[in-house]
Amino acid sequence: MDVKKAVIPAAGLGTRFLPVTKSMPKEMLPIIDKPVIHYVVEEAIASGIDDIIFITGRNKRSIEDYFDESPELEMHLSQRNKNELLEMVQEISSLADIHYIRQKEPKGLGDAILTAEKHIGDEPFAVLLGDDIITNNKPCTKQLIEKFQYLRQSVLAVEEVPSEKVSSYGIISGNLIDDSLYSLEEIIEKPAISEAPSNIGTIGRYVFTPDIFDCIKKIDIGHGGEVQLTDAIRLLNKTQQVYAYRFTGNRYDTGDKLGYVKAIIDFAVKNEDMEEKIKEHIKCKPFLQSRD
Ligand code: UTP
């Protein structure tokens with residue numbers, strides 16, 4: 001069973017990144033010269049997705065502009081024979097079939113995903129959170145799709161999280177089927193460390209059967225007064241076994257300031273043109289010895 005559609009929720013308020021997110025979506029923050037969300041779209045496409053639904057809200061217009069054609073800029077570049085730049089700009093607007101749905105209010109991730117129900121229909125689909133970048137030769141979403149094709153049930157990407165971060169994640173417990181796959185037993189949104197069933201947390205990648213929509217409709221408002229995807233997954237797991245997969249790759253939570261800075265440093269160090277200079281800069285900087 002092919003997974004060709006993906007939902008990218010990007011309607012959150014980004015309060016961890018205030019004040020910049022007052023007027024600009026966190027998904028548009030640049031990692032060197034590309035916004036975070038561009039990397040997310042590239043992962044979806046490299047995983048075989050050809051139909052992308054962005055869930056957006058107020059203040060998210062720049063996401064639509066970014067993936068749209070830009071005739072004035074294209075004409076400007078073309079008249080000056082800046083063909084490489086022109087190609088780069090044109091490529092962005094032809095990456096995939098992209099659709100936009102507005103979430104009226106940021107009522108939670110579950111609510112955001114539910115807005116895509118009509119577009120998804122009766123098909124399995126991937127979800128990629130718009131502020132998580134995951135690097136790996138085989139994209140994380142592709143890894144999940146392969147598991148889905150074999151298991152035919154919903155699969156969540158998980159990783160071990162440090163104990164002080166457990167209360168910021170959806171935390172699972174499960175039975176290990178092999179060294180990286182769990183059949184899900186329990187999932188709890190942002191538990192206190194004393195109540196957490198493990199330190200294995202869900203990150204921003206999922207493949208769902210369409211039955212998740214009915215589960216979202218049935219759940220009550222959850223943690224933080226939001227419609228929590230985690231609660232819908234727990235309900236789904238009562239009628240269809242859900243799986244959790246320890247993916248391979250490096251994940252950057254760019255919705256968090258520290259995760260964002262780590263992403264920039266790592267991407268700069270991996271960038272051919274910058275690698276040596278950045279390494280030199282970090283090595284030589286006196287700020288590493290003193291906070292002045
Ligand atoms: P987060 O909880 O990380 O996003 O949601 P947030 O609420 O924007 O961030 P903070 O915690 O206030 O800093 C994960 C993803 O789900 C989307 C966000 O845009 C993000 O990509 N989301 C969240 C929605 O689309 N709608 C919502 O109502 C909530």
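Order of listing sets the numbers, starting from 1, for every ligand and every atom in it.
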Hey, is atom 5 (O) of ligand 1 under 4.0 Å from any protein heavy atom?
no
Note: Leu128 and Pro9 closest approach over all heavy atoms is O-CD, 3.3 Å
For Gly130, the atoms of ligand 1 under 4.0 Å from one of its heavy atoms are 21 (O)
Output yes when Glu64 and Lys60 qualify as a salt bridge under the 4.0 Å nitrogen-oxygen rule, no when they do not. no
Near Leu109 (heavy-atom distance under 4.0 Å), the atoms of ligand 1 are 16 (O), 29 (C)
Atoms of ligand 1 under 4.0 Å from any heavy atom of Ala112, numbered from 1 in the order shown, are 24 (C), 25 (O), 26 (N)
Note: ligand 1 atoms sitting under 4.0 Å from heavy atoms of Pro106 are 28 (O)
| Would one find an N or O of Leu13, backbone or side chain, under 3.5 Å from an N or O of ligand 1? | yes
In this structure, atom 12 (O) of ligand 1 is nearest to the protein heavy atom Thr15 OG1, 2.5 Å
Looking only at protein heavy atoms, what sits closest to atom 18 (C) of ligand 1 is Gly12 N, 3.6 Å
* To do: Mark yes or no: Lys34 above the aromatic ring of Tyr39, with NZ or CZ under 6.0 Å from the six-membered ring centre and no more than 45 degrees from the axis.
  => yes
For atom 25 (O) of ligand 1, the closest protein heavy atom turns out to be Ala11 N, 2.8 Å
Ranked by distance from atom 1 (P) of ligand 1, the top protein heavy atom is Lys26 NZ, 3.9 Å
If we number the atoms of ligand 1 from 1 as shown, the ones under 4.0 Å from a heavy atom of Lys107 are 28 (O)
Q) Are Ile200 and Tyr206 connected in the hydrophobic side-chain network, where two residues link if heavy atoms are under 4.5 Å apart? A) yes
the protein heavy atom lying closest to atom 8 (O) of ligand 1 turns out to be Gly14 N, 2.8 Å
Any cation-pi pair here, Lys257 with Tyr260, using under 6.0 Å and within 45°? no
Residue, atom and distance of the protein heavy atom nearest atom 28 (O) of ligand 1 read Gly108 N, 2.7 Å
Next on the checklist: Any carboxylate oxygen within less than 4.0 angstrom of a Lys/Arg side-chain nitrogen, looking at Asp51 and Lys4?
Outcome noted: no
- prompt: Can we say Asp266 and Lys262 salt-bridge, meaning some charged N sits less than 4.0 Å from an Asp/Glu carboxylate O?
  reply: no
Counting heavy atoms under 4.0 Å, the part of Gln103 that contacts ligand 1 is side chain
So for Glu27 against ligand 1, with non-hydrogen atoms under 4.0 Å, the contacting part is side chain
Quiz item: Below 4.0 angstrom, N of the basic side chain to O of the carboxylate: do Arg234 and Glu186 qualify?
Solution: yes
Checking Thr15, Thr254, Asp131 against Lys26 for side-chain hydrogen bond (donor to acceptor under 3.5 Å, both in side chains), the one that qualifies is Asp131
When rounded to the nearest 0.5 Å, the distance separating CG of Asn250 from SG of Cys140 is 11.5 Å
the protein heavy atom lying closest to atom 21 (O) of ligand 1 turns out to be Pro9 O, 3.0 Å
Check your understanding: Should Arg246 and Glu159 count as an ion pair when the cut-off is N to O under 4.0 Å?
Key -> no
Looking only at protein heavy atoms, what sits closest to atom 3 (O) of ligand 1 is Arg16 NH2, 2.9 Å
